[in-house]
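One structure is given below, encoded as C-alpha cells.
For ligands, and for the atoms within them, numbers begin at 1 and follow the listed sequence.
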Amino acid sequence: MPTDLEPVWSRLRTLRPSGERRITQLFEKNPDRAKAFSVEADGLVFDYSKTNIDDAARDALLELTPDLAERREAMFTGARINETEDRSVLHTALRNPDTPLTVEGEDISAEVAATLERMDAFARSVRDGSFKGQGGKITDVVNIGIGGSDLGPKMATIALSPYHDGPKTHFVSNVDGADIADVLAGLNPETTLVIVASKTFTTIETMTNAQTAMDWMKASVKDPAAQFAALSSATDKTAEWGIDGARVFGFEDWVGGRYSMWGPIGLSLMLAIGPDNFREVLRGGAAMDAHFRNAPLAQNMPVMLALVGIWHNQVNGFATRAVLPYDNRLSRLPAYLQQLEMESNGKRVAMDGSDLTRPSGPVVWGEPGTNGQHAFYQLIHQGTQIVPCEFIAAARGHEPDLDNHHKLLLANCLAQSEALMRGRSLDAARELMKQKGLTGDELERQARHRVFPGNRPSTTLLIPQLTPFTLGQIVALYEHRVFVEGVIFGINSFDQWGVELGKELALKVAPLLDGEPSPDHDPSTRALAEDILKMRASAD
Ligand SMILES: O=P(O)(O)OC[C@H]1O[C@H](O)[C@H](O)[C@@H](O)[C@@H]1O
C-alpha cells in the first residue's frame, strides 16, 4: 500500500514562495547556496540553486519519497513493476552485463552478456570488412525503426560523432516516403547494411520502410536479406523476413522501447563508434545506476532532478519544462527526452486505476543553445508563462582549435541562467532609456518593454566533456528521474496505452483514402478524406 502523501503535498503548497521572495535573496541568505543546492555524481554536477527551492521546500520534497528505496530495489532486481503488462523492467541489466542477476530462475546477466558479445563480434566484422556486402565492405548502415527503436540510437550517434570511425550511419523512422527516399538516394545497395529495429516487429511504419528497403536492395543485389540485420524481441517474426539468425539480435520484453538503446537497439551506434566505445556508454549508464542505488536521497542526482521537476510542475504549476543543451551534438536529446518522459509519465490514472488527483508529467521541449536564444527565449525571459529551464553544458568541447567557440557557448549558457534569475528592474530599464536620451512618457513606455521580471528558475547539468561515458550517465540520469517521478505519482511509467490507439485508428482510416465508404468516421474526418481524394485526382 503506497504511503499517503497528501499531507506532504499540502505542506508543499504552503511552501511555495510568495510573489515577493526572489531566488537572489536565497543566495544573499545563504552564501553556500550554490554548493548546498548542487549534487555531484562521478564527475557530473547538477546545480539547482537557481530555483526557488529553500531548505524547508527541499526537506518536504524529500518526504515524497518514502516508497522509493523499496520500488527502486524492485526494479533493479526484476520484480514485475510494469503491472499493466505484467513485466519486469530491467533495462538496467543491459548496462550491467558483468553483475550477476537471476530473475525468476533465469540468469539475466548471462543472457545479456552473450547478446552483447554477439553484437560486438558482428560489429567488428562489419567494421573490419570481414562481413561484406555483395559489392564489398559495408560503407553505410541504415537503421529503420521508430520511437524507442530510433530516437535513442539516433540521438546517441549524433552525440558521439567525434568517435565515429565505422560506416556512415543513417536513420529512417517516418512512414512518409520522403524519409526513406532521401536516405536511400545516393546510397549503394551493394555496400549498405539495413538494420530493421523493432521490438515488436509489427510497427507498421517500420515494416513499411523495411519492405521498401528490401525492394530497393532486391533491384541491385542477388540476396537482399543477406544485407539485413534485425533487432527485436519477436525473433519468431524476424525469421519471416529471411534474415539469418546470425544477424538477429533479440531482447526480452523486460526492456521497454524507450529504454532500449543499451542493448541490441544500440547496434547502429555500436557500428558507428565501435564496440569499445559502446561499452563505455554502458559503463556510464552503470555508474549512474550505482549512484542512484547508493547515494543518500538528498545527494542523489536522479532523485533531486525529479524533485526539482515536481516542485516546478506539480507544486508551482509550471506546465512545461525546456531542456536546453549547450552542446550542438545533443541536438536530438530534447526529442529523445520527449519520448522518455512524456510516454513514460504522461498518464492520467494511478497504478490501481484510480484517477490521478494532480498533474503527472509536464510537457517537455527544447532545442540546443544558442540557437534557441535567437528563437523562443523571448517567451522564456519576458512571456507570461514561467518555463523552468534545464541547461546542459560540457566544460570542454572536442575541437581544441575552436576553443574560442566553446568558451562563447559556455558564456552564453551561464549568462542565460543568470539573466533568468536576476532579470532587469524597471529602474534599470529607465536608466538605460535615459542614457539613450529618452524622457517623459516615451522613456517610461520604452522602459517597460525592457523590463525582465527575472526570478525564473533554471538548473544546470555540467559534464566534463560529451564522451561515451558521460552520455551514458546523462541518459541513465534522465531514465531514473522518470522512474522517481513515476513512483511519487503512483503511476506505471513503463506502459504506453495512449500510443496504441493511434496505431489502431490509422488502420481504420486507411480505407477512406481508397475511396471506400466508411460511416464509422466523424464528418470532419470524412470531409478531409474527400478533399484529399479530390486533390490527388486533380493532380493526376
Ligand atoms: O520497437 P517497436 O516495437 O517497433 O516500437 C516502436 C515504438 O512504438 C510505439 O510507438 C511505442 O509507443 C513506443 O514505445 C515504441 O518505441
Could you tell me whether the side chain of Glu367 and the main chain of Leu324 form a donor-acceptor pair under 3.5 Å?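 No, Glu367 side chain to Leu324 backbone: no donor-acceptor pair under 3.5 Å.
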Please confirm whether the backbone N or O of Ser524 pairs with a side-chain atom of Asp522, one donor and one acceptor, at under 3.5 Å?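 Looks like yes, one N/O pair under 3.5 Å.
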Residues two or more places apart in sequence or in another chain: which of them pass ring pair (Phe, Tyr, Trp, His ring centres under 6.0 Å) with [X]?
X: Tyr48; result: Phe37, Phe46
X: Phe292; result: His480
X: Tyr326; result: Phe391

Using a 3.5 Å cut-off on N/O to N/O, what pairs does ligand 1 make with the protein? A line per pair would be great.
{"from": "ligand 1", "atom 1": "1 (O)", "to": "Ser149", "atom 2": "OG", "distance (Å)": "2.6"}
{"from": "ligand 1", "atom 1": "1 (O)", "to": "Lys199", "atom 2": "N", "distance (Å)": "2.7"}
{"from": "ligand 1", "atom 1": "3 (O)", "to": "Ser198", "atom 2": "OG", "distance (Å)": "3.4"}
{"from": "ligand 1", "atom 1": "3 (O)", "to": "Lys199", "atom 2": "N", "distance (Å)": "3.3"}
{"from": "ligand 1", "atom 1": "3 (O)", "to": "Thr200", "atom 2": "N", "distance (Å)": "2.8"}
{"from": "ligand 1", "atom 1": "3 (O)", "to": "Thr200", "atom 2": "OG1", "distance (Å)": "2.6"}
{"from": "ligand 1", "atom 1": "3 (O)", "to": "Thr203", "atom 2": "OG1", "distance (Å)": "3.4"}
{"from": "ligand 1", "atom 1": "4 (O)", "to": "Ser198", "atom 2": "OG", "distance (Å)": "2.6"}
{"from": "ligand 1", "atom 1": "4 (O)", "to": "Thr203", "atom 2": "OG1", "distance (Å)": "2.6"}
{"from": "ligand 1", "atom 1": "12 (O)", "to": "Glu343", "atom 2": "OE1", "distance (Å)": "3.0"}
{"from": "ligand 1", "atom 1": "12 (O)", "to": "Glu343", "atom 2": "OE2", "distance (Å)": "3.4"}
{"from": "ligand 1", "atom 1": "14 (O)", "to": "Gln339", "atom 2": "NE2", "distance (Å)": "3.4"}
{"from": "ligand 1", "atom 1": "14 (O)", "to": "Glu343", "atom 2": "OE2", "distance (Å)": "2.5"}
{"from": "ligand 1", "atom 1": "16 (O)", "to": "Gly148", "atom 2": "N", "distance (Å)": "2.7"}
{"from": "ligand 1", "atom 1": "16 (O)", "to": "Gln339", "atom 2": "NE2", "distance (Å)": "3.4"}

Basic-acidic side-chain contact under 4.0 Å: Asp276, Arg124: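 Salt bridge present between Asp276 and Arg124.
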